[in-house]
Amino acid sequence: MTSSMSSSFTDIIKGDVITVDHPEYISSLARWAKNAERKARVVVFVKDADDVSKSILYAKENNLQIAIRGGGHNAAGASSAEDGLVIDLSRYLQGVRVDAEKKLAYVGGGALWKHVDAEAIKYGFATVGGTVNHLPPVKTGVGGLTVGGGHGFLSGRHGLTIDNLKQVTIVTASGAILTANESENEDLFWAVRGGGSNFGVVTEFVFQLHPQRATVFAGAILFPVQKAKELVEATTKWLENIKADESMTQVYAVDDSGKIIIAAFVFFNGSEEEGRLNFKSLYDIGPAVDLAKEIPYEELNGLMGAKLDHGKSYYLSGLSQKKPCYEATIELIQKLSDFSKTGLKPAVGFEYMSQTKVNSIPVSETAFRRQLAYNILCNIQWDGEGPDRTDEARVLSREITEIILRGQGTLSEAEKQGYTNYGHDLSLPTSLSIAPHLDHQGPSSKVERAFTSNYPRLQQIKKKYDPEVIFNKWYPIEPAA
Ligand SMILES: Cc1cc2nc3c(=O)[nH]c(=O)nc-3n(C[C@H](O)[C@H](O)[C@H](O)COP(=O)(O)OP(=O)(O)OC[C@H]3O[C@@H](n4cnc5c(N)ncnc54)[C@H](O)[C@@H]3O)c2cc1C
């Protein structure tokens with residue numbers, strides 16, 4: 001607490017209130033991406049939904065911008081607030097409880113996927129989480145990933161994370177603590193499944209669990225750059241019959257010596273023998289290194305992301321691909337090489353998994369925009385302690401996007417947008433006159449395009465639950481007139 005902050009606020013909060021003179025202040029601002037950190041005026045490590053409600057009301061009274069922090073993995077600063085108030089769920093709201101009979105997991109709004117995977121598998125279950133866990137202090141959170149849609153290794157079989165969400169407890173802009181599910185506050189439940197942090201702070205998620213075998217076949221297979229053509233051909237063929245229980249993330253990157261790395265992170269929900277047979281066309285190419293093996297399920301999410309350290313700066317962008325393209329791959333490799341000496345480290349990951357289950361659900365059933373083909377994550381890293389290089393990274397990211405899109409023929413606007421949770425420039429609507437203190441960064445069409453045909457309904461629901469747009473850090477929706 002500081003002298004400028006009224007003691008009545010700290011007295012009514014059960015959790016911890018951290019301000020600038022607190023020994024934990026600097027560590028409380030830490031995010032996975034250094035450039036996502038902002039100097040908040042106050043960070044509240046909330047203990048429960050009631051703490052969240054009181055924090056929201058306090059922020060409104062004192063005209064403070066609000067950010068919600070789950071895992072702190074968003075690179076665009078969506079979970080940080082310069083001179084604002086951060087509602088941080090990561091300290092006290094990270095519990096996971098499994099009801100084995102009902103096959104449900106009750107998960108705190110600040111939990112990490114690591115916690116969910118480890119607890120659920122004890123009962124022989126799993127649900128759909130992401131594909132990257134990170135080292136402390138910041139790991140991939142359940143919160144941001146889920147409200148933004150969420151996909152992972154099990155999406156081919158079970159759909160998106162939101163397709164497995166049964167209920168949320170959410171604190172809305174008025175401070176109300178609500179339960180939302182298919183029969184209670186249905187509009188809010190619809191909106192929170194893909195509408196991101198636009199509607200409130202989720203303090204508890206309830207997920208459907210599915211039977212999951214204890215071990216899976218997974219790991220990286222590395223290919224020399226000379227094998228790129230064969231890899232693209234084998235991938236194209238493999239994709240023609242892609243199954244629900246397999247996936248492959250192909251990463252093109254540059255190592256510290258400037259050498260191109262091509263890694264295929266394979267996953268098969270079965271034994272090593274089955275997995276190797278399944279990826280036979282890849283093995284037939286002759287990999288340089290093969291690290292894939294049968295591993296405990298709960299280790300799966302920790303396989304990728306070793307080079308994506310905490311404390312570096314990052315610029316992320318998402319796009320989609322309908323099919324692999326050799327010409328584009330060669331152009332991409334050249335572009336990555338060209339940039340290897342600039343200090344910007346780009347890595348492009350092509351996430352190949354069956355989209356059948358995800359796209360079998362009508363677009364109107366949740367707020368998430370579904371016409372995605374295969375997701376691509378373009379991730380550009382630079383020294384977190386050095387000068388800001390966002391503008392350069394943005395230009396490089398656009399060049400990479402153009403290369404990949406050139407190899408795709410006609411794509412819909414939605415397909416060109418890519419996955420919302422991979423976006424960096426989360427622009428604000430220009431016509432957001434009711435929140436003039438916000439920094440307008442771009443045309444409203446960016447936010448509209450993030451939700452396509454679901455946008456008008458989202459605007460109606462925003463008007464009902466957050467007419468003053470106090471939740472405005474992630475594709476802020478403009479309330480209906
Ligand atoms: C290397 C890398 C790999 C990734 N891989 C995947 C992947 O495989 N699949 C996938 O789906 N995504 C993936 N993502 C994107 C991921 O979904 C986002 O980074 C997401 O923001 C992480 O959630 P978080 O809780 O850690 O985020 P935070 O930074 O804490 O928050 C991000 C946003 O979510 C909101 N939020 C967080 N918690 C809550 C809550 N409890 N209630 C309401 N709003 C909340 C915040 O307000 C903020 O707007 C990846 C990202 C990176 C950088």
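Start at 1 and go down the list; that is how both ligands and their atoms are numbered.
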Please state which option from Ile68, Ile170, Val128, Thr146 has its nearest heavy atom closest to atom 45 (C) of ligand 1.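 Minimum heavy-atom distance to atom 45 (C) of ligand 1 goes to Ile68.
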Considering Gly144, Gly318, Ala347 one by one, which has a heavy atom nearer to atom 36 (N) of ligand 1 than any of the others?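 Residue with the shortest heavy-atom distance to the ligand atom: Gly144.
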Which atoms of ligand 1 have any heavy atom of [X] under 4.0 Å away?
| X | result |
| --- | --- |
| Leu89 | 40 (C), 41 (N) |
| Arg69 | 30 (O) |
| Gly70 | 25 (O), 30 (O), 37 (C), 38 (N) |
| Gly109 | 41 (N) |
| Gly72 | 24 (P), 26 (O), 27 (O), 28 (P), 29 (O), 30 (O) |
| Leu316 | 53 (C) |

Taking atom NZ as the centre, does Lys39 end up with more than 12 heavy-atom neighbours from other residues, nucleotides or ligands that are less than 6.0 angstrom away?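 Open.
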Looking at ligand 1, does [X] have a heavy atom less than 4.0 Å from it?
| X | result |
| --- | --- |
| Phe199 | no |
| Ala67 | no |
| Tyr314 | no |
| Phe471 | no |

Within 45 degrees of the axis of the six-membered ring of Phe368 and under 6.0 Å from its centre: does Arg370 put its NZ or CZ there? no
Only one of Thr169, Val107, Thr179 clears side-chain contact (heavy atoms from CB on, under 4.5 Å) with Glu204; which?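 For Glu204, the side-chain contact (heavy atoms from CB on, under 4.5 Å) check succeeds only for Thr169.
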So, Trp382 versus Phe339, ring centres under 6.0 angstrom or not? no
Please report the interatomic distance OH(Tyr297) to CZ(Phe153), rounded to the nearest 0.5 Å.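 It is 8.5 Å, given to the nearest 0.5 Å.
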